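Being a predicted model, the structure only gives us computed values, none of them experimental.
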Amino acid sequence: MFKFLSSAFVAVVLALAVSGTAIAQTDTSSEPEHSEVLQVAFGAYVLRMSNVSPQLGSADVDLWIWFRWKDGDIRPDLSFELTNGVIISRSESEFLMDGDYKLASVRVHAQILQDFDVNRYPLDNHTIHIKIEDSLMATDELVFTADQGTALDPNVNVAGWAVALQGVAVAPYVYKTNYGYRDGPSASAYSRVDIAITLDRQSYGPLFKSYWISGLAVILALMSLLLSAKESSARYGMVVGAIFAASANAINISSQLPPTTAITLAEQINLIAVGVIFVSVFASVFSTRLMNRGRPDSSQRLDRIAMGVIGVIYIALNYVALSFDINVL
């Protein structure tokens with residue numbers, strides 16, 4: 001009887017152990033598996049760029065955007081956002097199957113907002129960035145890749161610049177905030193697409209348009225030295241007119257620029273012109289004093305020397321301004 005009870009006890013213990021193991025296996029199998037990161041290919045075709053304004057720090061772009069993915073019940077064409085601008089309008093998404101892949105495309109008209117480097121204005125080159133992220137899924141859920149076919153339409157034209165596609169870069173961007181959610185992570189990363197479009201000056205035409213008034217004012221000031229010191233009223237009248245012309249040109253240049261602490265190339269050239277004009281005023285003063293002291297030959301010699309020296313200095317300073325950026329010295 002004792003052996004029977006012992007055998008029964010052992011059987012019950014073994015049965016409970018087996019059932020416990022089965023339950024544990026069942027619970028483990030019911031746990032959800034960690035989902036893989038979704039790969040979404042991104043591409044764009046830029047149709048038009050307009051209203052490029054360094055003064056306002058903005059540019060308008062019209063482009064087609066498409067997304068290609070294989071797995072996942074997602075719609076990145078509906079959840080993407082422009083991180084450095086605003087979407088003015090967008091078309092209805094076009095969705096279709098491309099073999100084993102899902103393909104969705106949408107046409108977007110957007111305004112890009114960015115800071116323009118105007119140190120070398122009006123010979124300034126720029127790079128316009130179009131930055132796009134998914135607004136819902138972070139990098140642990142979705143990662144963008146660059147798709148083939150991203151390009152600029154041949155008709156894309158921006159007056160004053162040559163336009164070219166520099167490339168498409170994809171990298172995670174970290175937002176170091178929990179957006180007020182105390183139980184959430186202190187930082188989050190989102191996959192960001194960066195389409196870079198370069199704008200390069202191809203001629204000195206813009207510089208001539210900004211500079212010709214200052215250049216004419218300098219010529220007028222130097223020509224005043226050709227007059228005799230006896231005609232001082234005429235000489236000073238020409239110089240005063242030159243100063244007013246250079247000052248008006250400075251105001252015109254400033255009206256075309258955004259607020260900046262840098263001295264732009266156009267402003268440098270205009271300052272050189274103003275400085276040369278004032279030096280010519282001092283030359284006229286000394287020449288007039290020599291004439292009043294009864295030394296006409298010395299007065300004429302001073303005028304000729306001053307005209308040549310000031311002219312050479314003016315050309316040399318402009319060469320230096322065109323060759324070097326004083327804002328980075």
Side-chain angles (χ1 to χ4, degrees), residues 24 26-44 46 53-54 56-95 101-117 126-147 150 165-197 258-261:
T26 302
D27 292 340
T28 302
S29 62
S30 64
E31 293 180 358
E33 297 181 358
H34 180 69
S35 59
E36 296 183 357
V37 177
L38 299 176
Q39 301 284 332
V40 178
F42 171 91
V46 180
S53 175
L56 300 177
S58 64
D60 292 346
V61 294
D62 184 7
L63 71 164
W64 277 99
I65 293 175
W66 67 84
F67 302 88
R68 182 192 304 274
W69 69 100
K70 190 173 184 180
D71 301 317
D73 186 18
I74 59 174
R75 288 297 300 271
D77 56 309
L78 302 179
S79 59
F80 77 92
E81 64 178 1
L82 186 66
T83 62
N84 67 326
V86 292
I87 296 177
I88 299 174
S89 63
R90 54 169 292 167
S91 66
E92 294 292 332
S93 296
E94 297 181 7
F95 180 83
Y101 287 85
K102 303 171 185 177
L103 178 64
S105 59
V106 58
R107 184 170 179 175
V108 175
H109 180 206
Q111 183 182 54
I112 306 300
L113 305 175
Q114 71 174 49
D115 294 328
F116 286 78
D117 183 0
H126 303 288
T127 301
I128 305 294
H129 294 274
I130 305 174
K131 300 178 182 180
I132 291 175
E133 294 177 5
D134 190 270
S135 61
L136 300 179
M137 289 181 285
T139 52
D140 58 346
E141 298 176 291
L142 181 148
V143 172
F144 286 118
T145 60
D147 197 14
T150 297
L165 177 65
Q166 186 179 47
V168 179
V170 180
Y173 186 86
V174 179
Y175 293 91
K176 298 181 179 180
T177 179
N178 60 4
Y179 298 99
Y181 182 52
R182 301 297 176 86
D183 294 332
S186 59
S188 55
Y190 287 79
S191 184
R192 172 176 289 186
V193 178
D194 186 350
I195 307 171
I197 301 173
T260 176
T261 57

Could you tell me which non-hydrogen atom of [X] sits nearest to which non-hydrogen atom of [Y], and how far apart they are?
| X | Y | value |
| --- | --- | --- |
| V168 | A146 | CG1-CB, 4.2 Å |
| H126 | D117 | CE1-O, 3.0 Å |
| L142 | S191 | O-CB, 3.9 Å |
| S79 | S135 | O-OG, 2.5 Å |
| P258 | P54 | CG-O, 3.3 Å |
| T139 | Y190 | CG2-C, 3.5 Å |

Report the distance from atom [atom1] of [X] to atom [atom2] of [Y], rounding to the nearest 0.5 Å.
| X | Y | atom1 | atom2 | value |
| --- | --- | --- | --- | --- |
| E36 | D71 | CD | CG | 8.0 Å |
| Y101 | D147 | OH | CG | 10.0 Å |
| R107 | W66 | CZ | CH2 | 13.5 Å |
| I197 | I128 | CD1 | CD1 | 7.5 Å |

Determine whether more than 12 heavy atoms belonging to other residues, nucleotides or ligands lie under 6.0 Å from atom CZ of F95.
->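 Atom CZ in F95 is packed in, count exceeds 12.
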Compile the donor-acceptor pairs under 3.5 Å between side chains in residues 171-178 and protein atoms, sequence neighbours left out, one pair per line.
from: Y175; atom 1: OH; to: E133; atom 2: OE1; distance (Å): 2.9
from: Y175; atom 1: OH; to: E133; atom 2: OE2; distance (Å): 2.9
from: Y175; atom 1: OH; to: R192; atom 2: NH2; distance (Å): 3.2
from: T177; atom 1: OG1; to: Y179; atom 2: N; distance (Å): 3.0
from: N178; atom 1: OD1; to: G180; atom 2: N; distance (Å): 3.0
from: N178; atom 1: ND2; to: Y181; atom 2: O; distance (Å): 3.3

Test side-chain contact (heavy atoms from CB on, under 4.5 Å) applied to W69 and I74, step by step = CA-CA 9 Å; W69 69 100; I74 59 174; 3.6 Å; yes
Pairwise side-chain contact, [X] with [Y], heavy-atom cut-off 4.5 Å (strictly under):
| X | Y | value |
| --- | --- | --- |
| V143 | V40 | no |
| N84 | L113 | no |
| F67 | L78 | no |
| L82 | I132 | yes |
| F80 | R90 | yes |
| V170 | D194 | no |
| I112 | H129 | no |

Under the side chain to side chain donor-acceptor pair (under 3.5 Å) criterion, do D62 and H109 qualify, and how do the steps go?
-> CA-CA 5 Å; D62 184 7; H109 180 206; over 6 Å; no
Verify, without hydrogens or angle tests, whether Q114 (side chain) and T127 (backbone) share a donor-acceptor contact under 3.5 angstrom.
->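 Yes, Q114 side chain to T127 backbone: donor-acceptor pair under 3.5 Å.
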Would you say the side-chain atoms of K70 pair up with the backbone N or O of L38, donor to acceptor, closer than 3.5 Å?
-> no
With sequence neighbours excluded, residues passing side-chain hydrogen bond (donor to acceptor under 3.5 Å, both in side chains) with D77 = R75, S93
Please walk me through it: do V37 and E141 pass side-chain contact (heavy atoms from CB on, under 4.5 Å)?
-> CA-CA 5 Å; V37 177; E141 298 176 291; over 6 Å; no
